[in-house]
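Comments concern the structure below.
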Amino acid sequence: MSEAPQPAATDEKPSSARVLPALVLAMLAFSVVQTAVVPILPSLAKELNVSGSSITWLMTANLLSAAVLTPLLGRFGDLRGRKPMLLVSLAGLVAGSALAVGTHSFTWLVVARVLQGAGGGVLPLAISIVRDELPKAKVTGGVAAISASMGVGSGLGLVATGLLLEHWSYKSIFWMGLVFGIIAVALVALRVPTDPVVDKEGGADPLGALTLAGWLSALLIAVSQGNHWGWTSNRTLGLFAVAAVIALVWILIEVKVTHPLVDMKMMSRPAVAFTNISGLLMGFGMYGSFMVISNFAQTPEKLAHYGFTATVLHAGVMLLPSALGSMVAAPLGALMIARRGPRLPLVAGGILGAVAMAYLALRHSHEIDIYLASAVFGLGVGLAYAAMPAYINGAVPAEQSGIANGMNAVLRTVGGAIGTAVMAAILTGDTMKLPIPVALPTLQAYEHAYWTAAVMCVVAGLVPFAIRRIKSAEAPAVGPAAGTPSATSPELAKTDA
């Protein structure tokens, strides 16, 4: 039976040139803010007169807040509209940045980082808005651009931190976040239409939200503080046990309630479950490798006989190719998804990430080695991150898009927290005896860290083969107007997925 002619998508949907830049900037604002403090944590400890173990709470608090609030904001977006929740998410980022600019207290700076973590809701909400609002031919490219922006912003944040510290104090980093956030709020308010997709049949699940926050909090605190407390200490093991128990309670609640925060049947679909595993592993590789490469580059060569004695700015510049690689990955990933489905870019992303880390494990004597590996790794991360929403959106209905992509973002964050903790444990577990107060890792410790990241990326690239075959949409390869792929987001075969 033939279908009635449909009106052109461009007559029904707003222009991607109007909506997409606002969403991409919002994603860049959060990812820049999240990683910008990483290279300056040691100097912040001196500036604020706190211990090295305490200063890590500036990162832990942000990761924890983002992990808890991302799925909640994604679900509220499904229930009450994506644009209002996106503005709430950005408002948290702006409020946190403003507080960080105005305070000199370590305690209030931690609170500011918690508020900034609300920006984690940008990713699932922006992906849902693209899916709902853009013309069909632009959805794949739009989703890929937003998802890859996470890698772009992370790389740019490291460079911007070094550049700002060359001329101003650490406050300038929070000023940067404030300016980025205000611009993003203005663009979203003016350019993003009020979305009509609201899950009116759904309802609130306060107990599910509370238990989700509980087990994520216990897990992330244990992972982030394990190096300082000791992995076999009572506090660390106790928090892991609490996380496991509350997670089990959370699953039981979500299975039984009428309107769950997270639909367990949706989460158990192969396309969603295995994509989330891949997201966890790629998050491990990305955040962990950023920390290891930055530390390696800043190691004093005369003392350690490796490294490049780089400043914070110089180390950030070495990671700049990763941001450029992720920028290239967005249109390339969209083209690959449109023509072959999301499996190819996800597999390629994992393999490229593994190749980059294995290369650094074998060759790390010259700066060009860092630049080359950084570019290849950024391309791999960008391809993988571009493919994940395509898998998820092909497996879940529109009214669950926000929470499904939100949980994927959470697992990337959890993977990043685990990655940095594991990498730190590897580096601190094998140090040199030098006549200086700071312990420096051996070269072998860095090599082991690079190989660990490579293995994680390889596994992330193999995971998609556990997902059922993807059916690519029937569409011409090139759009008639924009010169971009003119295919819809690939849909999963409607079997178990």
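L313 CG to L163 CG: the interatomic distance, rounded to the nearest 0.5 Å, is 5.5 Å. Rounding to the nearest 0.5 Å places CG of L462 at 12.5 Å from CD1 of I277. Distance check: Y385 OH to N408 CG gives 8.5 Å after rounding to the nearest 0.5 Å. To the nearest 0.5 Å, the span separating OG1 on T420 from CG on N227 amounts to 8.5 Å. Between the CG atom in L156 and the OG atom in S31 there is a gap of 8.0 Å [rounded to 0.5 Å]. Within the model, atoms CD of E47 and CG of L109 stand 11.0 Å from one another, a figure rounded to the nearest 0.5 Å.
Remark: the backbone N or O of A460 is paired with a side-chain donor or acceptor of S278 at under 3.5 angstrom. Within the 3.5 Å criterion, the main-chain N or O of L280 finds no donor-acceptor partner in the side chain of R412. N393 places no side-chain N or O within 3.5 Å of a backbone atom of R131 that could act as its donor or acceptor partner. Checked by atom type and distance alone, the side chain of S401 never pairs as donor or acceptor with a backbone atom of P397 at under 3.5 Å. The main-chain N or O of T60 is never found under 3.5 Å from a side-chain atom of S224 such that the two would form a donor-acceptor pair. Listed for the S147 side chain is no donor-acceptor partner under 3.5 Å among the backbone atoms of A144. In this structure a side-chain-to-backbone donor-acceptor pair under 3.5 Å is present from T428 to A424. With hydrogens and angles disregarded, no donor-acceptor distance shorter than 3.5 Å links the side chain of T309 to the backbone of P300. Side chain of K83 to backbone of V192: a donor-acceptor contact under 3.5 angstrom is found. R269 places a side-chain N or O within donor-acceptor distance of the main-chain N or O of A395, the cut-off being under 3.5 Å.
Looking at heavy atoms from C-beta onward, L332 lies in side-chain contact with L379 at the 4.5 angstrom threshold. In this structure, the side chains of T413 and T70 stay at 4.5 Å or more apart for every pair of heavy atoms. Within the 4.5 Å cutoff, the side chain of S65 has no heavy atoms near those of the R113 side chain. Contact of the E133 side chain with the R82 side chain is not registered, since no non-hydrogen atoms from C-beta on lie closer than 4.5 Å. At a threshold of 4.5 Å between non-hydrogen side-chain atoms, the residues S154 and F290 count as touching. With contacts defined as side-chain heavy-atom distances shorter than 4.5 Å, the pair I337/P345 qualifies. A 4.5 Å side-chain heavy-atom check between L319 and I293 finds at least one atom pair inside the cut-off. Looking only at side-chain heavy atoms (C-beta outward), E166 and T311 come within less than 4.5 Å of each other.
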Practice problem: With side-chain contact (heavy atoms from CB on, under 4.5 Å) as the test, would you mind laying out the steps for L212 and V68 before giving the verdict? | Solution: CA-CA 7 Å; L212 173 64; V68 171; over 6 Å; no
Exercise. Quick one: do I392 and N276 satisfy side-chain contact (heavy atoms from CB on, under 4.5 Å)? Show the steps, please.
Key: CA-CA 9 Å; I392 291 171; N276 285 339; 4.2 Å; yes
Exercise. Would you please test L383 and L346 for side-chain contact (heavy atoms from CB on, under 4.5 Å) and show each step?
Key: CA-CA 6 Å; L383 288 175; L346 189 49; over 6 Å; no
Exercise. For L427 and M291, run side-chain contact (heavy atoms from CB on, under 4.5 Å): C-alpha distance rounded to whole Å, both residues' side-chain angles, the deciding distance at 0.1 Å, then the answer.
Key: CA-CA 11 Å; L427 297 183; M291 184 201 74; 4.2 Å; yes
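Residues G153 and V32 come closest through the heavy atom pair O-CG2, 3.4 Å. Residues A373 and A356 share a closest heavy-atom pair of O-CB, 3.4 Å. In plain terms, the two heavy atoms of V19 and P193 that are nearest each other are CG2-CD, 3.9 Å. Minimum heavy-atom separation, S289 to F377: OG-CE2, 3.3 Å. The two atoms that bring M267 and A273 nearest to each other are O-CB, 3.4 Å, heavy atoms only. S172 and L164 make their closest contact through OG-CB, 3.4 Å (heavy atoms, listed as atom of the first residue, atom of the second, distance).
Residues Y287 and Q34 bring a donor and an acceptor atom of their side chains to less than 3.5 Å of each other. There is no side-chain donor-acceptor pair under 3.5 Å between Q298 and H314.
Classification of the F296-Y446 ring pair by plane angle, with boundaries at 30° and 60°, yields perpendicular.
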Solution key, residues 176-190 side-chain donor-acceptor pairs under 3.5 Å, sequence neighbours excluded:
none

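Outside the 6.0 Å centre-distance limit, the rings of Y450 and Y359 are not counted as a close aromatic pair.
For V24, the side-chain contact (heavy atoms from CB on, under 4.5 Å) partners are L20, L28, A145, I146, S149, not counting sequence neighbours. Scanning for side-chain contact (heavy atoms from CB on, under 4.5 Å) contacts around T161 gives A36, P39, I40, L165, I173, V312, with sequence neighbours left out.
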